[in-house]
Number of protein chains: 2
Amino acid sequence: MPQTSSEALKAASALKAAKMYYLQDLTMGAIATELRTSRSSVSRLLSFARESGLVDIRITSPFDRGSALEQDIHSRFGVTAHVVPMPESISDIDRLERVAMTAGRILGGFVDSNMIIGVAWGSTVGAISRHLVAKPVHNTVVVQLNGAGNTQTTGIDYASEILQRFSSAYSAQIQQFPVPAFFDDPRTKEGLWRERSTKRLLDIQARLDLAIFGLGSPFAEIPSQVYIGGYLDAEDYRSLSEDGAVGDVATVFYRPDGTSSDIALNSRASGPSLDRLRKVARRVCVVSGVQKLASLRGALAAGLITDLVLDESLASRVVEPDGRVSESAQSDRTVA
Amino acid sequence: MPQTSSEALKAASALKAAKMYYLQDLTMGAIATELRTSRSSVSRLLSFARESGLVDIRITSPFDRGSALEQDIHSRFGVTAHVVPMPESISDIDRLERVAMTAGRILGGFVDSNMIIGVAWGSTVGAISRHLVAKPVHNTVVVQLNGAGNTQTTGIDYASEILQRFSSAYSAQIQQFPVPAFFDDPRTKEGLWRERSTKRLLDIQARLDLAIFGLGSPFAEIPSQVYIGGYLDAEDYRSLSEDGAVGDVATVFYRPDGTSSDIALNSRASGPSLDRLRKVARRVCVVSGVQKLASLRGALAAGLITDLVLDESLASRVVEPDGRVSESAQSDRTVA
DNA sequence: AGAGCAGTTGCACATTCGTTCAGGAGGTGC
DNA sequence: GCACCTCCTGAACGAATGTGCAACTGCTCT
């Protein structure tokens, strides 16, 4: 690891370079001359300045309102939407990647000092974590919202990698949650929930200022990570289907109308109840791909979301007045 | 003039392009493909997005503190400084230009809806006006702080050009102040100040939320615009010298210690009294070049400034513990 | 002291970007 | 209806930018 003074020096040069590049419109060559270094170094300094949040680039929709779609979503569901523009034809992998990158870039706008940030585990959040832009804040805490353990692994490696990245972007303290995603026996969960060590973490979760999560979609054509990694078995699926679940946030399931009571699996889930989640002031949901449409509609009905980042196709679907959407809604729709 | 709908369309495309470029890291070529247009058009769209404030690029110093110099200035004078990095050897013209460009770029951060913005007339403010980045705000008013007339011209053309640019950047209403910079007879001023039309404008000035001004420096080697354009005659200079003035803000003069009472010329000045100016919540001063050092020290002593944009050389001079600086201080200094 | 290593630097090259220019679309005035 | 005029578009060129690579610097460990 390099010494602290050289880090500070780098930041100071990067700051200078950034001011000259973005505020004075000099070329990198000119900056190199003034800083007595090479063009390449200036290019790298500027990359560093962007990644480390020294340069803050944000897109502001005119008059605090966005595109027609974003306004539409706002008036229909009361959530602030950020539509990520994208061709219809793009692959779901790229779609997720681009939505996640966008989310990582704008997340800094929600984070501030002294915040407790809840992070759900999942492939979407994982992708986001790879694109976070640092922001210089103090005294933030990053809390894992739900367990990541399954029948094969404790999940700590992967989950903690995600938390690490959030932590280093916002110089935050990490609070892991080393429990399985779903318990086999609800009584085990109840017992563990009474443990002081667990209670401490649940207390922190209860004081969340910001929650970041993707959406699960158990009955979509392409089931998400949680459903292929040994978290749920056939019996669980049957149970979810019987209870009418269409989606989940951090392992907690809900129905198309937003209700979640009496969904059996929820008593074994490690994530926060929807009631608890709704108490969080800012709840940022990142979601991509039309196969999540039903799940998104449910989450909106449940009022789980305050800020939504989603791709263009999904956005235009969600505002279509399709009536209530169930599993079969996918075949009801008219135009692709 | 193009139709409104095509303007809106352009803004929408620009917004899309900006999201893809700055949030998803696509190249302009890729964006062109997705938007079914050419690379060049995308390049132009992005320029438009930057100029029109759709893209907001700002430089944030780590931990809300800036470079060593900025922190130093803050602790010494209690003002938030923005030091514009620059080589010592640069010409004064470039120096002014680069400070002004920087100021124009960061000014958007101070402007908000429903604000009344006071703008002083001067070569520095003129340069700033050429580099303003638009910001979508409502119901702002731009007020001319001091008259611009002199013995040769009413000054309205040039001054109104500046105001126009502010106006179009912040979609603001313009309030001109069609009076001479300095009156010949204080009684004329007093009379005019009692006129209802003038009172209306003075009332607006009294409710200022933000003031933007440069500094005059009557006895510097290179006197600024105000002193060569027929605003002041030899007698005026003698009077200023006798009264110990080192600088002015919007035609109102002050001494090295920040006092301004009994400076004869001030009774004939068209700008707001320093007491009035100090009531403005945010007072942004933009200044460049070491010849303004004494004037800057006086303005700082007078507490006229809350936010300061200045070049690096001037910044490092102003924190030097030179003791009090008077007119003779210019010859005291060691290095050019 | 010297080998080893992580991090940094500048060069060279490939890519990406901004701008000029000629052509075309759309709107206006006679 | 036709000429004019302004604004917009895309191709082409040169300038600006990002990155793989090899050399180098400063530090650590033995």
Side-chain angles (χ1 to χ4, degrees), chain A residues 1-55 57 59 85 87 94 97-98 101 104-105 130-131 133-134 164 168, chain B residues 1-55 57 59 85 87 94 97-98 101 105 130-131 133-134 168:
Chain A
M1 189 174 297
Q3 20 177 12
T4 336
S5 66
S6 95
E7 276 293 326
L9 219 123
K10 183 179 176 186
S13 310
L15 191 61
K16 268 196 185 184
K19 283 182 175 182
M20 294 199 253
Y21 191 75
Y22 289 106
L23 262 23
Q24 303 181 31
D25 274 0
L26 300 183
T27 70
M28 295 185 179
I31 297 170
T33 308
E34 298 198 356
L35 256 47
R36 295 163 200 282
T37 181
S38 68
R39 282 176 273 277
S40 350
S41 294
V42 174
S43 171
R44 282 184 277 251
L45 275 179
L46 289 172
S47 299
F48 169 78
R50 281 188 297 266
E51 283 162 24
S52 63
L54 273 167
V55 180
I57 300 180
I59 310 296
D94 288 342
E97 190 64 16
R98 287 170 63 167
M101 185 180 290
R105 298 278 170 92
R130 264 177 272 115
H131 298 291
V133 175
Q164 295 268 7
S168 77
Chain B
M1 189 175 296
Q3 16 179 8
T4 336
S5 66
S6 94
E7 277 295 322
L9 220 123
K10 183 179 177 186
S13 311
L15 192 61
K16 266 196 185 182
K19 283 182 175 181
M20 295 198 253
Y21 192 74
Y22 290 106
L23 262 22
Q24 303 181 31
D25 274 359
L26 299 183
T27 71
M28 295 185 180
I31 296 170
T33 309
E34 298 199 356
L35 254 47
R36 295 163 201 283
T37 182
S38 68
R39 282 175 272 279
S40 349
S41 295
V42 174
S43 171
R44 282 185 278 253
L45 276 180
L46 289 172
S47 299
F48 170 77
R50 281 188 298 265
E51 282 161 25
S52 64
L54 273 166
V55 179
I57 300 180
I59 310 296
D94 288 342
E97 190 63 17
R98 285 169 66 168
M101 185 181 289
R105 299 277 169 91
R130 262 177 272 114
H131 297 292
V133 176
S168 77

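Labels below follow one simple rule: chain letters A, B, ... track the order of the sequence lines, proteins then strands, and each chain is numbered from 1.
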Item to complete: Rounded to the nearest angstrom, tell me the gap between atom CZ in B:Phe48 and atom C1' in D:dC7.
Response: 14 Å

Fill in: side-chain N/O B:Ser43 vs C:dG18 OP1/OP2, d < 4.0 Å
yes

Practice prompt. Using heavy atoms and a sub-4.0 Å distance, could you list which residues of residues 22-30 of chain B are near DNA chain D? By number, please.
Written response: none

Practice prompt. Please report, rounded to the nearest Å, how far the P atom of C:dC13 is from the CZ atom of A:Arg39.
Written response: 14 Å

Practice prompt. Using atom CD of B:Glu51 as one end and atom C1' of C:dG18 as the other, report the distance to the nearest whole Å.
Written response: 13 Å

Worksheet item: To the nearest 0.5 Å, what is the distance between CE (B:Met28) and CZ (B:Arg39)?
Response: 11.5 Å

Fill in: Euclidean distance, atom CG of residue B:Leu45 to atom C1' of D:dC8 [Å, nearest integer]
11 Å

Discussion item. I need the minimum non-hydrogen distance between A:Lys19 and B:Pro85, along with the two atoms involved.
Written reply: CD-CD, 3.6 Å

Worksheet item: What's the CG-C1' distance between B:Leu46 and C:dC17, to the nearest Å?
Response: 10 Å

Fill in: Integer-rounded Å distance: D:dG10 P and B:Leu35 CG
11 Å

Worksheet entry | Closest contact, heavy atoms only, A:Met20 versus A:Leu35 | CE-CD1, 3.1 Å

Response to the item:
Shortest non-hydrogen pair, B:Ser13 vs B:Leu45, comes out as CB-CD1, 3.9 Å

Fill in: Side chains of B:Arg50 and A:Tyr22, donor plus acceptor under 3.5 Å
no

Worksheet item: Heavy atoms under 4.0 Å, any strand shown: does B:Ser40 hit a base, just sugar-phosphate, or nothing?
Response: base

Fill in: Minimal non-hydrogen separation, A:Ala18 against A:Ala49, with atom names
CB-CB, 4.2 Å

Worksheet entry | Residue B:Arg50, side-chain heavy atoms: nucleotide from C:dG10, C:dG18, D:dT17 that is nearest | C:dG18

Response to the item:
Separation of D:dC7 atom P from B:Arg44 atom CZ, nearest Å, is 14 Å

Worksheet entry | Selection residues 23-38 of chain A - residue pairs positive for salt bridge (Lys or Arg N to Asp or Glu O under 4.0 Å), sequence neighbours left out | A:Asp25-B:Arg105, A:Glu34-B:Arg98

Worksheet item: NA contact type, B:Thr37, heavy-atom cut-off 4.0 Å: base, sugar-phosphate, or nothing?
Response: sugar-phosphate

Worksheet item: Between atom OH in B:Tyr21 and atom P in C:dT16, what is the gap in whole Å?
Response: 11 Å

